[in-house]
S.K.: 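Take a look at this one; I'll ask things after.
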Number of protein chains: 2
Amino acid sequence: MARTQGSHSDITGPRIHKAALKLFAQHGYAAVSMRQIAGEVGVQAGALYNYTPDKQSLLFHLMHGHMDDLLSARAGSKRVKDALENLRQFVGFHIRFHLERPDEVFIAYMELRNLTPENFAAIEALRRTYENDLEGILRDGVAQGVFAVPDTKVATLAVIAMLNGVNTWYRSGGRLSLDQVETIYWDMVRKAVAL
Amino acid sequence: MARTQGSHSDITGPRIHKAALKLFAQHGYAAVSMRQIAGEVGVQAGALYNYTPDKQSLLFHLMHGHMDDLLSARAGSKRVKDALENLRQFVGFHIRFHLERPDEVFIAYMELRNLTPENFAAIEALRRTYENDLEGILRDGVAQGVFAVPDTKVATLAVIAMLNGVNTWYRSGGRLSLDQVETIYWDMVRKAVAL
DNA sequence: GTCTATACCAAGATAGAC
DNA sequence: GTCTATCTTGGTATAGAC
């Protein structure tokens, strides 16, 4: 039987972040009210402020946590000597990581302008770190003579933009399996940077 | 000398749309108030309702106008027999058209979820038309044996996603000229769909 | 066509009881 | 830790004077 009062502190915090994640992704940060989030969790709006100082912190927490997850997961990938293999590994990692977290990814790209300047700078720095990882791979490949890209920075952004596009259309259970998607994109990326 | 009262009807309408465009692109539809838009134009909030029935119509007008511009401009491009040449032309057109209208483009991608379902469907249909144009080129190329893409639909979305990425970083007067950007992206797209 | 004034409602956030 | 109640602000939209 559902309680309408009393303490739920053991799970409320995470539930608030989950609800905010879902609602921000669905309607956008600015369009979602603290009351909506509270309603989704099943508490009153005032109770949210036991877990977050304000709405902005809620957004920042979600985005920062996502970027931390991304960089941690990526840090677990081993680099080898062969740049082509590193690139193949990056493409697979990127697609899978992002498809597993559509809401987080959506927010991370759409809500940047709703961050305060300080929070924005922090997220941007993390994003830059991730991009530099890929750029390093491309630079290695150019140095090794296995890639031909006129500008590694632009190529980095182009590859990431292309891969991010997957999230806008892929639905599990659809026409293509995850493996097929990965193969298709790897094929295009590989050729795009090829000699 | 600035008037604080009186009729400005000859220019107010377009100025409202310009102000809304700028503010929506900067802060997001949901975060911008009618009062802000009015302030940017230099009228009182109530006056806006002589030009638009509501805020939603303002957004829809901007997005629909942008998609109409896109399709009209694209319709002016001549198709030739050579698929490779058509693709080259498409890439150049897309980059230039979109870089000339960063605010409109930004809104067209970011504010889709703030459209009512009916308005969303209308915009989606126009976007689909544009995508089908590119997909037709890719299909021709595959039929002619000059392109190798495992899936024309996915390749279409991948190419567009890659090209759209330009808008997130390109600034005129920066390190690269528009011609250089176009060359770099054409190089990658060409190779990505090559045999 | 724009103004001032306002109706009406919902926002973020806080206070104090339990 | 959550509730109810409320403060304060600002939102969209409308009415009626000029």
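Labels below follow one simple rule: chain letters A, B, ... track the order of the sequence lines, proteins then strands, and each chain is numbered from 1.
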S.K.: Establish, yes or no, whether the cationic atom of B:R96 lies under 6.0 Å from the six-membered ring centre of B:F93 and within 45° of the ring axis.
M.R.: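 No, B:R96 does not sit over the ring of B:F93.
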S.K.: Taking salt bridge (charged side-chain N to carboxylate O under 4.0 Å, His left out) as the test, write out the residues that go with A:K55, two or more places apart.
M.R.: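 Listed in chain order: nothing, the list is empty.
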S.K.: Considering residues at least two apart in sequence or located in another chain, which fulfil the salt bridge (charged side-chain N to carboxylate O under 4.0 Å, His left out) criterion with A:R127?
M.R.: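 Counting only residues at least two positions away or on another chain, A:R127 forms a salt bridge (charged side-chain N to carboxylate O under 4.0 Å, His left out) with A:E124, A:E131.
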S.K.: Quick test of your reading: applying ring pair (Phe, Tyr, Trp, His ring centres under 6.0 Å), list the pairs with at least one residue in residues 162-195 of chain B, sequence neighbours left out, ordered by first then second residue.
M.R.: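 For residues 162-195 of chain B, and leaving out neighbouring residues, there are no ring pair (Phe, Tyr, Trp, His ring centres under 6.0 Å) pairs at all.
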S.K.: So which pairs with a foot in residues 63-77 of chain B pass salt bridge (Lys or Arg N to Asp or Glu O under 4.0 Å), sequence neighbours left out?
M.R.: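 Every salt bridge (Lys or Arg N to Asp or Glu O under 4.0 Å) pair that includes a residue of residues 63-77 of chain B, provided the two are not neighbours, is B:R74-B:D133.
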S.K.: Taking DNA chain D as the partner, which of residues 54-63 of chain B come within under 4.0 angstrom of it by heavy atom?
M.R.: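 Here the set is B:D54, B:K55.
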S.K.: Taking only N and O in the side chain of A:Q44, is any of them less than 4.0 Å away from OP1 or OP2 of D:dT2?
M.R.: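 Answer is no, no contact under 4.0 Å.
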S.K.: Listing request: all ring pair (Phe, Tyr, Trp, His ring centres under 6.0 Å) pairs with a residue in residues 117-156 of chain B, at least two apart in sequence or in separate chains.
M.R.: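 Ring pair (Phe, Tyr, Trp, His ring centres under 6.0 Å) check on residues 117-156 of chain B returns B:F90-B:Y130, B:H94-B:Y130.
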S.K.: Between the base of C:dA10 and the side chain of A:R35, is there a donor-acceptor distance below 3.5 Å?
M.R.: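 Checked by distance alone, the answer is no.
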S.K.: Looking at DNA chain D, which of residues 23-34 of chain A put a heavy atom within less than 4.0 Å of it?
M.R.: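 Those residues whose heavy atoms fall under 4.0 Å from DNA chain D, taken from residues 23-34 of chain A, amount to none.
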S.K.: Side-chain N or O of B:T12 less than 4.0 angstrom from OP1 or OP2 on C:dT2?
M.R.: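 For C:dT2, OP1/OP2 do have a side-chain N/O of B:T12 under 4.0 Å.
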S.K.: Listed by chain and number, what are the salt bridge (charged side-chain N to carboxylate O under 4.0 Å, His left out) partners of B:D187, not counting sequence neighbours?
M.R.: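 If we apply the salt bridge (charged side-chain N to carboxylate O under 4.0 Å, His left out) test to B:D187, skipping adjacent residues, the hits are B:R190, B:K191.
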S.K.: With sequence neighbours left out, which residue pairs that include part of residues 29-50 of chain B fulfil the ring pair (Phe, Tyr, Trp, His ring centres under 6.0 Å) condition?
M.R.: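 Sorted pair list: B:F24-B:Y29.
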